[in-house]
Amino acid sequence: MKITDINQLKKIANNVRINIIEQVYKAQSGHPGGSLSIADILTVLYFNQMNVDENKPDSPVRDRLVLSKGHCSPALYAVLAQKDYFSKDELSKFRNIDGILQGHPDMKKVPGVDMTSGSLGQGLSVSNGMALNSKMNHDGYRVYCILGDGEIEEGQIWEAAMTSHKYKLDNLCVIVDNNNLQIDGNIEEVKGLDNIEGKFKSFGFNTIVINGNNIEQLIDAFETAKTTKGMPTAIIAKTIKGKGVSFMENKAEWHGKGPNEEEYNEALAELNQNFKNINV
Ligand SMILES: Cc1ncc(C[n+]2csc(CCOP(=O)(O)OP(=O)(O)O)c2C)c(N)n1
Ligand SMILES: [Mg+2]
């Protein structure tokens with residue numbers, strides 16, 4: 001069911017953030033920062049944009065999502081659980097040997113996961129294949145590929161970008177989670193990308209730059225991508241790593257660790273308080 005009410009989407013995104021914190025706290029490992037930055041992107045995709053049905057996770061004509069930055073699995077798992085692809089009880093077994101939710105997404109174990117990922121740099125190549133298949137079979141499905149801004153330092157991304165252009169994959173939409181941080185520091189300090197939009201444009205993409213934590217802007221960008229013909233679209237989504245939990249925001253140290261009990265309580269208190277801001 002497509003949700004169009006903006007406040008309802010904001011509430012779902014806030015619940016996704018709560019689920020992210022719960023998973024990494026319980027597991028005492030995982031990646032909260034980059035998961036929190038894509039909570040709004042994934043919420044809009046699964047609840048407003050994508051043609052998917054949780055009762056038919058293997059439908060050949062469903063839209064596909066490739067979470068190329070697979071370390072941010074807690075966000076994907078939270079959205080899939082909110083959509084009832086699997087029981088929410090699984091979330092409490094994140095990274096547990098007895099659960100289905102591994103640290104990185106596994107398409108053979110988790111209903112709703114379209115591609116196994118975690119080794120950065122590979123997702124755009126796979127997305128190209130899916131998008132090409134959709135065109136060759138006239139299936140009509142779209143493919144969404146979420147890349148990290150650190151991840152696009154991988155050379156394979158740019159080989160793949162040439163392929164997206166070569167085959168005029170207008171059913172492909174790349175989303176770069178431009179949170180300005182990678183594993184241990186600022187993007188520009190580690191290996192500067194300068195102008196991400198300019199790079200994608202020069203590789204033949206239609207480009208759109210938005211605030212990736214803004215639900216309305218995300219919907220508009222995805223709608224524009226859908227009507228852009230003859231070329232792939234890259235949405236440069238400017239986000240905040242750790243978004244929604246103040247003490248995690250813009251801090252590289254929250255790339256890959258779970259909070260302690262005190263931090264967990266503080267994070268949940270802030271996120272629960274945030275529901276009150278949504279209604280106004
Ligand atoms: C090929 C490969 N090299 C290294 C890693 C280890 N690694 C995991 S996350 C990460 C940083 C990614 O930064 P970014 O793409 O900006 O992700 P985000 O900020 O969204 O968490 C690295 C280097 C990996 N998963 N795969
Ligand atoms: Mg990043």
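Counting starts at 1 for both ligands and their atoms, in listed order.
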query: Do E151 and Q182 get their side chains close enough for a donor-acceptor pair, meaning under 3.5 Å?
result: no

message: Could you identify the single nearest non-hydrogen protein atom to atom 9 (S) of ligand 1 and state the distance to 0.1 Å?
response: H255 NE2, 3.2 Å

task: Would you check, one step at a time, whether the test salt bridge (charged side-chain N to carboxylate O under 4.0 Å, His left out) holds for K241 with D177?
output: CA-CA 9 Å; K241 197 155 175 168; D177 180 19; over 6 Å; no

message: Do E188 and D194 make a side-chain contact, defined as non-hydrogen atoms from C-beta onward lying under 4.5 Å apart?
response: yes

message: As a check for students: among L120, T239, L36, identify the option with a heavy atom nearest to atom 12 (C) of ligand 1.
response: L120

- line: Smallest heavy-atom separation, M231 atom then T228 atom, equals CG-CG2, 3.9 Å

- prompt: Side chain of K243, backbone of N213: donor and acceptor closer than 3.5 Å?
  reply: no

- prompt: Is there at least one pair of N or O atoms, one from G34 and one from ligand 1, spaced under 3.5 Å apart?
  reply: no

task: Starting from atom 20 (O) of ligand 1, locate the nearest protein heavy atom and write down its residue, its atom name and how far away it is, to 0.1 Å.
output: K69 NZ, 2.6 Å

query: Are Q82 and N15 linked by a side-chain donor-acceptor pair shorter than 3.5 Å?
result: no

- request: Closest by any non-hydrogen atom to atom 16 (O) of ligand 1: pick that one out of I146, D149, N180, I38.
  value: D149

- request: Answer yes if I152 and I183 sit in the same cluster of Ile, Leu, Val, Met, Phe, Trp and Tyr residues linked by side chain heavy atoms under 4.5 Å apart, and no otherwise.
  value: no

Main-chain N/O of L42 paired to Y144 side chain as donor or acceptor, under 3.5 Å: no

message: Report whether any nitrogen, oxygen or sulfur of L181 sits less than 2.8 Å from the Mg ion (ligand 2) (N, O or S, backbone or side chain).
response: yes

- prompt: Near the Mg ion (ligand 2), is there an N/O/S atom from N179 that is less than 2.8 Å away?
  reply: yes

field: S119, any N or O under 3.5 Å of ligand 1 N or O
entry: no

task: Please write down residue, atom name and distance for the protein heavy atom closest to atom 21 (O) of ligand 1.
output: H71 NE2, 2.8 Å

message: Could you check whether any side-chain heavy atom of L65 comes within less than 4.5 Å of a side-chain heavy atom of Y46, counting everything from C-beta outward?
response: yes

- prompt: Mind checking whether E154 has a heavy atom under 4.0 Å from ligand 1?
  reply: yes

message: Less than 4.0 Å is my threshold; does some heavy atom of G121 fall inside it relative to ligand 1?
response: no

- request: Say whether I187, considering both its backbone and side-chain N or O atoms, lies within less than 3.5 Å of an N or O atom on ligand 1.
  value: no

- request: For atom 25 (N) of ligand 1, find the nearest protein heavy atom and state the residue, atom name and distance (0.1 Å precision).
  value: G118 O, 2.9 Å

